[in-house]
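Here is the structure we will look at.
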Amino acid sequence: MPKKVRVRFAPSPTGGLHLGGVRTVLYNYLFAKHHGGDFIVRIEDTDQTRFVPGAEQYIFDCLQWCGLIPDESPVHGGAYGPYRQSERKEIYRQFAEQLVKNENAYYAFDTPEELEQMRNNFKTEQNPSPQYDIHVREKMKNSLTLAADEVQKLLADGARHVIRIKMPQGETVSFTDMIRGEISNETSLVDDKVLLKADGMPTYHLAVVVDDYLMKITHAFRGEEWLPSAPVHVLLWKYLFGLENMPQWAHLPLILGPGGKLSKRDGAKYGFPVFAMNWTDPKTNELTEGFREKGFLPEAFVNLLALLGWNEGTEQELYTKEELIQKFSIDRVHKGGAKFDYEKAKWFNHEWIKKLTVDSLQLTVKEILIAKGMEISDDAVLTKVIGLVKDRCTLLPDFYEQAGFFFQTPTQWDVDAAKPKWNEDKKKFFEEFALKLAGIGNWELGELENVFKILATEKNIKPGELQLPLRIMLVGGKFGPPVFQIAEILGQSETVFRINKALEVF
RNA sequence: GCCGCGUUGGUCAAGGGGUUAAGACGCCUCCCUUUCACGGAGGAAUCACGGGUUCGAAUCCCGUACGUGGUACCA
């Protein structure tokens, strides 16, 4: 019987969650759910110097908004906790010591200053960034170069030290990536990465292997920036837990911005969000806009992210989360990085607004309008309004532009737009029209149009020439749904009121 | 510098030895609509380059270029 699929998203809580991060979560989630497995969130907070208050909560808020709910996490619980690496600190040391004992790792006592010095000394034009590797470790202060009793003494004295992996010489480490196939690296080209830091915390390299093992992770997804250090992880698996227990790796392609790699600066520069939700840096107070606040629906956000790097091979582009779960497969994930296209992102949102029912939009739209100072006294009216305008809304705030006038009498009119064809006859028409409207018995679309047409014929004015002025009177400008439908929803007294009020300035 | 990974229209992409090289976004034209959308019909636009292998290459191989990542006691 095959093992139950278990995947993990392992963010470092150091700031906002950007597009690429959410997509990594998504692919994890879709893969897990497709296979009936578990989706785990593990917080990789081993770097205490980079602790950012609120960042962890923010990550979970984003997941909540996207509807990607973990089965296990520090806040959702689970049988393999704790799920914060800072709370697992004691676990890692024994594995690091085990590696030392088996001569796969060693103690290193070099100070940061000495490391810096080494890099300066060995720096040449051919080798601008020398690494702590097989070539230099003989020249450094570590348990490979020091006498055994000296090492014991240093350890006993509590000297600050790290544990480094001892990369073997002349070996080829290879593994099969689910997206890229066979990947090979020469061990002599990889440096002796620090496994356990001087403060006793593991680095990513040790922690990811130990925790993936302890948490029984079967498939590991991460960004392709991890590819170069993959051989370290593979070796660690071999030394510690056996290659046969190693999860299957999948290194996801990058998401690029307009000028290369996507950074939060791109957002400010090109006017589109980069983070899932608004993020305010607690130190600088700098706000980075999020997709949620920009007016994206979570359904659309998830949909567009899924298609950025994955394609089913059909012409379908609109997917619900359930369809994605059903259809997602890792071997249809692209190898190449994808440039994020904000125009297409907006198209997805527009499609989703059109696709969603009025009911499911109602609450969100109501909140937006209320936030803009509208008073919504009648939900039935709002329902009609949403149905009428949703096709012309791309982002959620567009509902305010497209429908705000239903709940607020215009105070300004785009008179200029009507002016060129405006004259006394038309003014008279509207004065009379207002009177007739006030007398209508059954206020409904057909009746309104009738009264309008008959009067126009009577006055010998083309109805078409009267529609634009009427629109501007009712909504303030050249926008909105069909004008008589607006009047019908506005109601008799409000319509008459608006015409008369506008006539004062026309 | 070295190492890894990648490269089909402007963007997302299908296609993986023989196709008129799908589709979508965006752009343009027209129809619908006397607002703007929605909808409909069209259009322009692509296999990074150079060598092979082959009867035949976008597809397989090798180079080059370009992009991107790594080269931290960061993840």
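Residue numbering restarts at 1 for every chain, and letters A, B, ... go by the order of the sequence lines.
- Of the P atoms belonging to U71(B) and C62(B), the separation is 28 Å, rounded to the nearest Å.
- When distances are taken from the side chain of Lys462(A) to each of A37(B), A22(B), U34(B), the shortest belongs to U34(B).
- Closest approach to the Thr203(A) side chain among C12(B), C74(B), A22(B) is made by C74(B) (side chain taken as heavy atoms from C-beta onward).
- If you take atom C1' in A14(B) and the same atom in C25(B), they sit 15 Å apart, rounded to whole Å.
- Across all strands, Glu343(A) comes closer than 4.0 Å only to sugar-phosphate atoms, never to a base (heavy-atom distances).
- Looking at residues 186-196 of chain A, you'll see Leu189(A), Lys193(A), Val194(A) sit with a heavy atom under 4.0 Å from some atom of RNA chain B.
- Taking atom CD of residue Glu312(A) and atom P of nucleotide A24(B), one finds them 16 Å apart after rounding to whole Å.
- Not less than 6.0 angstrom separates the ring centroid of Phe506(A) from the ring centroid of Phe430(A).
- Interface remark: the Arg180(A) side chain does not form any donor-acceptor pair with the C5(B) base, using a distance-only criterion of under 3.5 Å.
- Taking for each of Glu224(A) and Ala10(A) the nucleotide of RNA chain B with the nearest heavy atom, the 5'-most of the two is the partner of Glu224(A).
- Within 4.0 Å of Gly336(A), counting heavy atoms only, lie sugar-phosphate atoms of the nucleic acid but no base atom.
- For the P atoms, the distance from A22(B) to C61(B) is 25 Å, rounded to whole Å.
- Residue Gly309(A) is in sugar-phosphate contact alone, with no base atom involved, counting any heavy-atom pair closer than 4.0 Å across all strands shown.
- If you find the closest nucleotide of RNA chain B to Asp199(A) and to Cys393(A), the one lying nearer the 5' end belongs to Cys393(A).
- Remark: the separation of the P atoms in C47(B) and U11(B) is 12 Å, to the nearest Å.
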- Query: Under the side-chain contact (heavy atoms from CB on, under 4.5 Å) criterion, do Leu470(A) and Phe433(A) qualify, and how do the steps go?
  - Reply: CA-CA 10 Å; Leu470(A) 177 58; Phe433(A) 183 50; 4.2 Å; yes
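- Among the heavy atoms of the strands, none lies under 4.0 Å from Arg160(A).
- With U11(B), G4(B), C36(B) as the choices, the nucleotide that has an atom nearest any side-chain atom of Leu227(A) turns out to be G4(B).
- Within 4.0 Å of Asp414(A), counting heavy atoms only, lies no atom of the nucleic acid at all.
- Here the closest heavy-atom approach between residue Asn349(A) and residue Gly295(A) is recorded as ND2-O, 3.1 Å.
- The aromatic rings of Phe340(A) and Tyr342(A) sit tilted relative to each other, their planes meeting at an angle between 30° and 60°.
- For Arg42(A) (side chain) and Tyr83(A) (main-chain N/O), no donor-acceptor pair under 3.5 Å exists by modelled atom type.
- Here, U46(B) and C27(B) have their C1' atoms 16 Å apart, quoted to the whole Å.
- Counting only heavy atoms from C-beta on, Trp347(A) has its side chain closest to G26(B) among G26(B), A14(B), C12(B).
- Side-chain proximity of Leu256(A) to the nucleotides U68(B), U35(B), A14(B) is greatest for U68(B).
- To the nearest angstrom, P of A22(B) lies 16 Å from CD of Glu317(A).
- Distance from the side chain of Asp47(A) is smallest for C74(B) among the nucleotides G1(B), C74(B), G6(B).
- Aromatic rings from Tyr27(A) and Trp310(A) are positioned such that their centres are separated by 6.0 Å or more.
- Of the candidate nucleotides G1(B), A22(B), U35(B), A22(B) has the atom nearest to the side chain of Glu315(A).
- A close approach under 4.0 Å does not occur between any side-chain nitrogen or oxygen of His350(A) and OP1 or OP2 of C25(B).
- In this structure, Lys197(A) reaches the A75(B) phosphate: one of its side-chain N or O atoms is under 4.0 Å from OP1 or OP2.
- Residue Arg332(A) places at least one side-chain N or O under 4.0 Å from the OP1 or OP2 atom of G15(B).
- The nearest whole Å value for the distance from the OH atom in Tyr132(A) to the C1' atom in C2(B) is 21 Å.
- Residue Asn127(A) is classed as a base contact, given a heavy-atom separation below 4.0 Å to a base.
- Side chain to side chain, Thr176(A) and Gln248(A) fail the donor-acceptor criterion of an N or O pair below 3.5 Å.
- Note on Pro481(A): a base of the nucleic acid sits closer than 4.0 angstrom, heavy atoms only.
- Here, G42(B) and U35(B) have their P atoms 25 Å apart, quoted to the whole Å.
- Distance check on atom C1': G67(B) versus G26(B) gives 23 Å, rounded to whole Å.
- The residue Glu125(A) sits close only to the backbone: its heavy atoms come under 4.0 Å of sugar-phosphate atoms, none of a base.
- Inspection of the Gln316(A) and Thr314(A) side chains reveals no N or O donor paired with an N or O acceptor under 3.5 Å.
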- Query: Given the rule that a pair is Watson-Crick or G-U wobble with both distances under 3.5 Å, how would you write RNA chain B in dot-bracket, using | for pairs to a different strand?
  - Reply: (((((((..(((.....[....))).(((((.......)))))....(((((..]....))))))))))))....
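- The phosphate of A37(B) (OP1 or OP2) has no side-chain N or O of Lys390(A) nearer than 4.0 angstrom.
- In terms of heavy atoms, Val389(A) sits closest to Ala403(A) at CG2-CB, 4.1 Å.
- Taking atom CD1 on Ile165(A) and atom C1' on C73(B), their separation rounds to 15 Å, with Å as the unit.
- Between Arg222(A) atom CZ and C74(B) atom P the separation is 17 Å, expressed in whole Å.
- Remark: P of A72(B) and NZ of Lys123(A) are 11 Å apart, rounded to the nearest angstrom.
- For the pair Lys346(A) NZ and U11(B) P, the interatomic distance rounds to 18 Å; values are reported in whole Å.
- Rounded to whole angstrom, the span from the CD atom of Gln402(A) across to the C1' atom of C36(B) amounts to 7 Å.
- Looking at heavy-atom distances under 4.0 Å, Pro482(A) makes contact with a base.
- The phosphate of A72(B) has OP1 or OP2 within less than 4.0 Å of a side-chain N or O from Arg119(A).
- Of all heavy-atom pairs spanning Tyr107(A) and Asn142(A), the tightest one is O-CB, 3.0 Å.
- Note on Ala338(A): only backbone sugar-phosphate atoms sit closer than 4.0 angstrom, heavy atoms only; bases stay farther off.
- If you take atom C1' in U7(B) and the same atom in C49(B), they sit 12 Å apart, rounded to whole Å.
- At a threshold of 4.0 angstrom between heavy atoms, the contacts of Ile183(A) are confined to the sugar-phosphate backbone, with no base atom among them.
- Contact annotation for Thr46(A): backbone-only contact, meaning every heavy-atom pair under 4.0 Å involves sugar-phosphate atoms and none involves a base.
- Remark: side-chain polar atoms of Thr357(A) are paired, donor with acceptor, to backbone N or O of Ser360(A) under 3.5 angstrom.
- With C12(B), C74(B), A14(B) as the choices, the nucleotide that has an atom nearest any side-chain atom of Lys344(A) turns out to be C12(B).
- Ring pair Phe452(A)/Phe429(A): centre-to-centre distance below 6.0 Å.
- In this structure, a donor-acceptor pair under 3.5 Å is absent between the side chains of Tyr204(A) and Asp47(A).
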